[in-house]
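Structure first, commentary second.
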Amino acid sequence: MLVQVLTLFPEMFSGVLGASILKRAQARGLLTVRVIDLRQFGIGRHRVCDDYPFGGGPGMVMRVDVVVPAVEWAMAQSEEPARLLWMSPQGRLLNQAWCRELAQSSHLILVAGHYEGIDQRAFEILGGEEVSIGNYVLTGGEIPAMVVLDAVARLIPGALGDAESARQDSFSEDWPLLEGPQYTRPSEYRGHRVPEVLLSGHHAKIAAWRREAGWRKTAMVRPDLLSSETSSSSPDTGGHSVIQGGNKE
Ligand code: 9D3
């Protein structure tokens, strides 16, 4: 998979790309990430990429005559037609089903906006989909682009280690219930003991205890996951609830 990221802050990506699964997926040749500096497409000697919003208002808007040529250049770097994703607070909420779908793609282009956003005509001209990662305000689309990259890259076959992929195979739903607590050695620390059942070696009891603990945790923290109409696996809403106004995290 080729992923091209267009950003005004390419240096933000180096740490994320150089560690863990993203590093391994690239080392294994499963993933190529190219971070493209939008400033290369800036206008004039100063490579200006933004300007004041027509109609007034705070902040700056990224120029259509910078963004469109940059994306078109990125599209031309691969034979495969690219799936174009705009990181935007106005986007559809990212969920696991969408990530799984994106992982089927051989070429993604992620545009990370900064400032107040991107001139609307860029979407009109190029199409694509707007992605939000949640209902909170970030300073730009860079971290959302990293989130998309991370969530999608681990779904590329071979990207995960054996243990991790075995685990992943064990549930096929869009989003499972939450898990109960995890423990490792020592079995007692500062008077806090690991639940006895986990030390019992009784596999059926352990499985039952974990199911119960996960269900309790879910009911407490994410009751939205327990009602089928509002869960992230609900296909008709794309994962965010319309009824009951759920997913207001
Ligand atoms: C006051 C209006 N704001 C929109 C909610 C303006 C604004 C805030 C933050 C415009 C851009 C941004 C920068 N955020 C992103 O580019 C972004 C984002 C986010 O802030 N939250 C969740 N997902 C995303 S994807 C891109």
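Heavy atoms only: backbone and side chains are in, while hydrogens, waters and symmetry mates are out.
No side-chain heavy atom of W98 sits under 4.5 Å from any side-chain heavy atom of Q96. Inter-residue side-chain proximity for H107 and Q4 is flagged as met; some heavy-atom pair is nearer than 4.5 Å. The shortest side-chain heavy-atom distance between E116 and D50 does not fall under the 4.5 Å cut-off. L22 places a side-chain heavy atom less than 4.5 Å from the side chain of L31. Taking 4.5 Å as the limit, every side-chain heavy atom of R47 sits out of range of all side-chain heavy atoms of F41. No side-chain heavy atom of L38 sits under 4.5 Å from any side-chain heavy atom of T7. Side-chain contact between L149 and V16: absent, with no pair of heavy atoms (C-beta onward) separated by less than 4.5 Å. In this structure, the side chains of L94 and V147 come closer than 4.5 Å at one or more pairs of heavy atoms.
Between the CZ atom in R211 and the CZ atom in R216 there is a gap of 14.0 Å [rounded to 0.5 Å]. Between atom CE of residue M87 and atom CG of residue L110 there is a gap of 4.5 Å, rounded to the nearest 0.5 Å. Distance CH2/W73 to CD1/I109: 9.5 Å, rounded to 0.5 Å. The structure places CH2 of W175 at 8.0 Å from CZ of R222, a figure rounded to the nearest 0.5 Å. The CG atom of D51 sits 10.0 Å away from the CG atom of D119 when rounded to the nearest 0.5 Å. In this structure, CG in L30 is found 10.0 Å from CE in M1, a value given to the nearest 0.5 Å.
Of all heavy-atom pairs between L8 and E142, the closest is N-OE2, 4.1 Å. Nearest heavy-atom pair, G91 versus S132, reported as atom, atom and distance to 0.1 Å: O-CB, 3.6 Å. Of all heavy-atom pairs between I118 and G113, the closest is CD1-CA, 4.1 Å. M60 and Y115 get closest at one heavy-atom pair: O-CB, 3.1 Å. Closest non-hydrogen pair, I21 versus A159, comes out as CG2-O, 4.1 Å. Of all the heavy atoms in G127 and L84, the pair that sits closest is O-CD2, 3.5 Å.
Under the 4.5 Å side-chain heavy-atom criterion for Ile, Leu, Val, Met, Phe, Trp and Tyr, Y136 and V131 are members of the same hydrophobic cluster. M220 and L226 fall within the same hydrophobic cluster, defined by Ile, Leu, Val, Met, Phe, Trp and Tyr side-chain heavy atoms under 4.5 Å apart, directly or through other members. In this structure, L2 is not a member of the same hydrophobic cluster as V33, with clusters built from ILVMFWY side-chain heavy atoms closer than 4.5 Å. When the side chains of ILVMFWY residues are joined at heavy-atom separations under 4.5 Å, either directly or via intervening members, V61 and V111 end up in two distinct hydrophobic clusters. Cluster annotation: V48 is not connected to V66 through the hydrophobic network of ILVMFWY side chains, with a link wherever side-chain heavy atoms come within less than 4.5 Å.
Salt bridge status for E101 with R83: present, with a side-chain N to carboxylate O gap under 4.0 Å. Taking 4.0 Å as the cut-off between side-chain N and carboxylate O, D37 and R39 do not count as a salt-bridged pair.
Judged by distance alone, the side chain of R210 and the main-chain N or O of E179 form no donor-acceptor pair under 3.5 Å. Distance alone, capped at 3.5 Å, is enough to place a donor-acceptor pair between the Q26 side chain and the L17 backbone. Using a distance-only test at 3.5 Å, with no hydrogens or angles considered, no donor-acceptor pair links the side chain of S187 to the main chain of V194.
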- [ ] Check the pair L225 / L178 against side-chain contact (heavy atoms from CB on, under 4.5 Å), numbers first and verdict last.
- [x] CA-CA 9 Å; L225 293 176; L178 305 187; 3.9 Å; yes

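Atom CD1 of I143 sits in a sparse spot, with 12 or fewer heavy atoms from other residues, nucleotides or ligands closer than 6.0 Å. Enclosure of atom OH in Y52 is not indicated, since only 12 or fewer non-hydrogen atoms of other residues, nucleotides or ligands lie within 6.0 angstrom.
Using cut-offs of 30° and 60° on the angle between ring planes, the pair W86 and F123 is perpendicular.
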